[in-house]
Amino acid sequence: MEDLSKKIKRLREEKGVSPEKLADDIGFAKSTVWAYESGKKQISVSHLARLADYFEVSVDNLLDREERRIDLDLQNLTSFADYNLLLDDKPLNHDEIAEAASYIKVKRRMGSFGLATS
């Protein structure tokens, strides 16, 4: 796991910008960039988000956290209780989700040429 201060410095160097340029681009004081890169100052949440945007990475990436993956089973509609699935900015109801799952199952069985596969 790479230390956050080292990661910020590495990303800045990979981007080819000086600490001063980074500070100017993001609107931080130059001393703030130095303090972050040296580990002398804890990074605020708002600054963490701005750094992630600047380096075009996620905050999870900066913190060496894995992207969270959620597996939902389309055939188990109770697993959707805490989620809103949207299509064209409108929520899908249980019947639409079940219909989509059935369509996908048939499509997989048919294969790419309409022939049944095992």
Using side-chain heavy atoms (C-beta onward) and a distance below 4.5 Å, is [X] in contact with [Y]?
X   : Y   : value
H47 : T32 : yes
L48 : L4  : yes
V17 : Y54 : yes
P19 : K30 : no
I8  : I43 : yes
P91 : Y83 : no
L62 : L11 : yes
K40 : W34 : yes

Around atom [atom1] of [X], are there more than 12 heavy atoms of other residues, nucleotides or ligands at under 6.0 Å?
X    : atom1 : answer
E56  : CD    : no
E20  : CD    : yes
K105 : NZ    : no

Between atom [atom1] of [X] and atom [atom2] of [Y], what is the distance when rounded to the nearest 0.5 Å?
X   : Y   : atom1 : atom2 : value
L51 : S44 : CG    : OG    : 8.5 Å
S18 : R12 : OG    : CZ    : 7.0 Å
L63 : K7  : CG    : NZ    : 8.0 Å
E96 : E99 : CD    : CD    : 7.5 Å
I97 : L74 : CD1   : CG    : 7.5 Å

Are L87 and Y103 linked, directly or through other ILVMFWY residues, by side chains that come within less than 4.5 angstrom of each other? yes
Residue pair S5 / D3, side-chain donor-acceptor N/O under 3.5 Å: yes
L22 and F55: CA distance, side-chain angles, deciding distance, side-chain contact (heavy atoms from CB on, under 4.5 Å) verdict: CA-CA 10 Å; L22 173 61; F55 293 122; 4.1 Å; yes
If I compare all heavy atoms of [X] with all of [Y], which pair ends up nearest, and what's the gap?
X   : Y   : value
S58 : A52 : C-CB, 4.0 Å
N61 : V57 : OD1-CB, 3.9 Å
Y36 : K41 : CD2-O, 3.7 Å

Criterion salt bridge (charged side-chain N to carboxylate O under 4.0 Å, His left out) on K21 and D25, from CA distance to verdict: CA-CA 6 Å; K21 171 94 169 106; D25 289 349; 2.9 Å; yes
